[in-house]
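I have a structure I would like to understand better, so I am pasting it below and will then ask my questions one at a time.
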Amino acid sequence: QVQLVESGGGLVQPGGSLRLSCAASGSIRSIHNMGWYRQAPGKQRELVASIISGGMSNYADSVKDRFTISGDNAKPTVYLQMNSLKPEDTAVYFCMMEVSTRNGGRRYNVWGQGTQVTVSS
């Protein structure tokens with residue numbers, strides 16, 4: 001029932017910027033954390049950034065100081081602002097929200113469909 005819809009991916013030149021958005025729909029009681037992952041061809045899926053409801057965020061070393069994750073619980077939506085993009089940032093980016101759909105309910109990881117980010121000149 002809970003679905004994540006991503007947008008904002010595309011082709012960008014090195015040094016450019018993109019802003020990814022991921023909007024959730026469905027019955028969500030609580031969002032425990034939100035995050036962005038990416039997977040490049042032939043590589044493992046890796047955590048890019050995550051944020052908890054209190055605003056604390058974590059970043060992969062490879063993107064720290066270039067990417068910023070933020071969330072809007074009112075919509076709810078998670079964003080990833082990507083600046084100073086490098087070719088090695090090229091990957092399919094997936095958003096994730098760990099949610100509960102009822103009080104005291106189990107936590108579930110809900111994933112977006114993935115959006116392609118290509119950094120190339």
Practice problem: Examine Val99 and Val5 and state if one hydrophobic cluster contains both, with Ile, Leu, Val, Met, Phe, Trp and Tyr joined whenever side-chain heavy atoms are less than 4.5 Å apart. | Solution: no
Quiz item: Sequence neighbours excluded, which residues qualify as side chain to side chain contact (heavy atoms under 4.5 Å, CB included) partners of Thr118?
Solution: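 With sequence neighbours excluded, Thr118 shows a side chain to side chain contact (heavy atoms under 4.5 Å, CB included) to Leu11, Thr90, Gln116, Ser120, given in chain and number order.
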Practice problem: Consider only side-chain heavy atoms of I, L, V, M, F, W and Y, link residues closer than 4.5 Å, and tell whether Leu20 and Tyr59 are in one cluster. | Solution: yes
Quiz prompt | salt bridge (Lys or Arg N to Asp or Glu O under 4.0 Å) involving Arg66 - partner list, sequence neighbours excluded | solution =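 So Arg66 forms a salt bridge (Lys or Arg N to Asp or Glu O under 4.0 Å) with Asp89.
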Exercise. Please name the pair of heavy atoms, one in Val92 and one in Gly114, separated by the smallest distance, quoted to 0.1 Å.
Key: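 Smallest interatomic distance, heavy atoms only, reads CG1-CA, 3.8 Å.
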Practice problem: Measure the spacing between OG of Ser100 and CZ of Arg29 and express it to the nearest 0.5 Å. | Solution: 10.0 Å
Self-check item: Closest contact, heavy atoms only, Arg38 versus Ala91
Solution: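 Answer, listing the atom of Arg38 first, then Ala91: CB-CB, 3.8 Å.
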Quiz item: Linking I/L/V/M/F/W/Y whenever any side-chain heavy atoms sit under 4.5 Å apart, do Ile51 and Val48 land together?
Solution: yes
Exercise. With the side chain counted from C-beta on, respond yes when Trp36 and Cys22 share a heavy-atom pair under 4.5 Å apart, and no when they do not.
Key: yes
Quiz prompt | Check: Arg102/Ser30 side-chain N/O donor and acceptor closer than 3.5 Å | solution = no
Exercise. Step by step, work out the side-chain contact (heavy atoms from CB on, under 4.5 Å) result for Gln81 and Ser17.
Key: CA-CA 7 Å; Gln81 178 66 47; Ser17 298; 4.0 Å; yes
Practice problem: Kindly give the heavy-atom pair with the smallest separation between Ser27 and Thr101, and that separation in Å. | Solution: O-CG2, 3.1 Å
Quiz item: Looking at CG of Asn33 and CD of Glu98, how far apart are the two atoms once the value is rounded to the nearest 0.5 Å?
Solution: 4.5 Å
Quiz item: To the nearest 0.5 Å, how far apart are OG in Ser57 and CD1 in Ile69?
Solution: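 CD1 of Ile69 is found 7.5 Å from OG of Ser57.
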Quiz item: Which distance, rounded to the nearest 0.5 Å, do you find between the CG of Asn58 and the CG of Leu47?
Solution: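 Output value for this atom pair is 7.5 Å.
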Quiz prompt | Of all pairs that satisfy ring pair (Phe, Tyr, Trp, His ring centres under 6.0 Å), the ones with a partner from residues 80-112, not counting sequence neighbours | solution = Tyr37-Trp111
Quiz prompt | Common cluster, Val63/Val12, ILVMFWY with side-chain heavy-atom separation under 4.5 Å | solution =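 Per the 4.5 Å side-chain linkage, Val63 and Val12 are co-clustered.
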Quiz item: Leu85 and Leu18: which non-hydrogen atoms are nearest, and at how many Å?
Solution: CD1-N, 3.8 Å
Quiz item: What is the distance from atom CD of Glu6 to atom CD of Gln113, rounded to the nearest 0.5 Å?
Solution: 4.5 Å
Quiz item: What distance separates Ile28 CD1 from Gln1 CD, expressed to the nearest 0.5 Å?
Solution: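 Output value for this atom pair is 11.5 Å.
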Quiz item: Under 4.5 Å between side-chain heavy atoms, hopping through other hydrophobics if needed: is there a path connecting Val110 to Val78?
Solution: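 Both belong to a single hydrophobic cluster.
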